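Single-structure report; data block below.
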Amino acid sequence: MALLKNLIAHNSALSLIDTSTSLRQALQIHAHLLTSGAFTHDPSSFNSFLSSLALSSSPPLLSYSYSLLFSSPPHSPNLLTVNSLIRAHSSGPSPHLCFSLYRHLLSLSLAPNHFTFTFLLRAAASTVGLLGPVIHGALTRYGCGTDRHVQSSLIHMYSSLGLVSHTRVIFRDIIDPDLVTITSMLTALAESGDVDSAREMFDEMPERDTVSWNAMIAGYVHVGRSKDGLDLFGEMLNQGAKVNEPTMVSVLTACAHLGALDQGTWVHAYIQKNRLKLNVTLGTSLLDMYFKCGSIERAMKVFWSMRDKNVFTWNSAINGLAMNGEVEECLKLFELMESQGVIPDGVTFVGLLQGCCVAGLVQKGREMFSLMKDRYGIEPLDEHYGCMIDMYGRAGKLDEAVQFIHNMPIEPNVSAWRTLLHSCKMYNNVELGEYAMNKITHIEVNSDGAHVLLSNIYADCRNWKGVSRVRERMKEKGVRKEPGCSVIEVHGAVYEFFVRDKSQPRYREIKLMLGEVDRRLRLAGYRANTKEVLFDIEEEDKEDAISWHSEKLAIAFGLIALEEGVEMRIVKNLRVCWDCHDWTKFVSKVFDRKIIVRDRNRFHHFKDGLCSCKDYW
DNA sequence: GTAGGGTTAG
């Protein structure tokens, strides 16, 4: 206490407020400042005290500063103090409080300035509701609309509300846009999905810095154009631009999407070599990349090496283990997460439920579902219901699946019914399949996946009439099957293959290889299963068409381009069909190759003629 | 004495 008094005597009690200060200590300091008469002696010290509380980056102190502001006349806070409170709240847990602070500011007859508005716009960008445009009106009245900081914040705010046309208007009115405002606009365009316009803008920029490169790369990755993102990153390196942590996060995300393990590994080495800081975000994207490339060991190595973990980190690991079929590990990790006091969220449970689903752990899945609601008070969303339906359905418990759908408190969406339809396909239940299809077409006419599934159900039981009926309907409604696409990485370069794509530069070679594979597989006992082929092609082409499924092209290319014994990693946008799954098992045996296929839902690790999914997917 | 653009999980 002697030390404390001493500090107060030197008017630096404020320096005691730091990140490690507890609310209790803050109250003590406050009490001392009050009783020692510091506030009356020096009225400005109250302002400093408030600002220090707000800027301590501790949620309890932040909310204490909030309540203090409203309850402490006669010490009138000045504009700077209120601004710092607004600033602190704008990036804190309750940004909406900024607007009460703003009203309070006005009630004190203080005039807001451009600082005030940049903070308010930041808050408006991260809160639901349409206060942004109201703030926009206010700042115009206060003459702050021409300030650069305000302008870029406005673009950011409108972009986060999804109002890209408004961002264009703001940008148009900027007389001499600078690096930052251009980058804001570029980001807004990319986030609206118009990456090509963003790229045009990027190419025309008179100068670029790390942030603008990052914005463009992230823009590509965000809309799923990961390959373009990686290409641009290559250009960034070529031009000698400085790379930092956010750059690497986007690049790793791109590698994860593409399953590009070689590039991802290179990035990992680059991070180490250049001493980039492996913070929570970067660490999480790194481990996620390893998981999505099917490298469980390396992913977990990163996980255990991370000192700081947040819920994203845990979720990535839990989900990664589940998707790779390591369900026991996944459940263990969840226990550890709970024991460390980390609060799971809805995403955590998506991972857990999917894990139970792919492992056929019905009872465990039920327990998790209750745990989520009862212990954690998390309201299940479509995706959680989807997991449950899938879990029952895959396990052959179709009655329970239907019952579950009927008991859902929310309206089942298309994917709920499609999941059921998928189970009907697995267990040849035509009647229930038709029922599900009927529900689907009432919600969404152009459900390509559902039409394909139903036609396959009919094909399974040789109901050719049913097949052609579905075909007719698809033609009528103009439903097109989403084209399958598989990606393979060879020596650090990424190659994309589309179903029946003949425009590949090495098409002839691949075709020859497919023929060779076919011969050797037949000798080993493989027989093509043509039932699942969508009947948008003539009967005699069926077998040929099957051999053109995109993963077969990618695997054939891998056999040509990769050295013997090197494992192959494929990423596919759809689920693997039964025939391709069977074919790949044979390839793994006949060609003695480890093949890892990541499909829309999960991983398949093929080795010695077997798959890690145990043919349950 | 406060400020604007870029980063993670299903």
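Residue numbering restarts at 1 for every chain, and letters A, B, ... go by the order of the sequence lines. Since we're looking at a predicted model, the values are computed, not measured.
Using modelled atom types, no side-chain atom of A:Asp288 and backbone atom of A:Thr284 make a donor-acceptor pair closer than 3.5 Å.
Within residues 263-290 of chain A, the residues that place at least one heavy atom under 4.0 Å from DNA chain B are, in residue-number order, A:Thr281, A:Thr284, A:Asp288.
By the 4.0 Å N-to-carboxylate-O rule, A:Arg225 lies too far from A:Asp231 to be salt-bridged with it. With salt bridges taken as basic N to acidic carboxylate O contacts below 4.0 Å, none links A:Glu335 and A:Lys332.
Residue pairs satisfying the ring pair (Phe, Tyr, Trp, His ring centres under 6.0 Å) criterion with at least one member in residues 152-179 of chain A, sequence neighbours excluded, are listed as follows: A:His136-A:Tyr158, A:Tyr158-A:His166.
When heavy atoms are screened at a 4.0 angstrom cut-off, A:Thr181 is found touching base atoms of the nucleic acid. Using a 4.0 Å heavy-atom criterion, one finds that A:His114 contacts the bases of the nucleic acid, with or without backbone contacts as well. Within the 4.0 angstrom heavy-atom criterion, no nucleotide atom of any strand lies near A:Thr247. In this structure, A:Arg87 reaches the sugar-phosphate backbone alone: every heavy-atom distance under 4.0 Å involves primed, P, OP1 or OP2 atoms, never a base. Backbone-only engagement by A:Gln354 is indicated by non-hydrogen atom pairs under 4.0 Å involving sugar-phosphate atoms exclusively. Across all strands, A:Lys309 comes closer than 4.0 Å to no nucleic acid atom at all (heavy-atom distances). The residue A:Leu179 sits close to a base: some heavy atom pair falls under 4.0 Å. Nucleic acid contact class of A:Asn319 (heavy atoms, under 4.0 Å, all strands): sugar-phosphate only. Across all strands, A:Asp382 comes closer than 4.0 Å to no nucleic acid atom at all (heavy-atom distances).
Taking the 5' to 3' direction, DNA chain B first and last meets chain A under 4.0 angstrom from a heavy atom at B:dG1 to B:dG10.
Classification of the A:Phe349-A:Phe334 ring pair by plane angle, with boundaries at 30° and 60°, yields perpendicular. Between A:Phe404 and A:Tyr385, the two ring planes are tilted [angle within 30° to 60°]. Ring pair A:Trp314/A:Phe303 is perpendicular by interplanar angle, where above 60° counts as perpendicular and below 30° as parallel.
Between A:Trp213 and A:Phe233, the ring center distance fails the sub-6.0 Å criterion.
In this structure, A:Arg208 is positioned above the aromatic face of A:Phe202, its NZ or CZ under 6.0 Å from the six-membered ring centre and within 45° of the axis.
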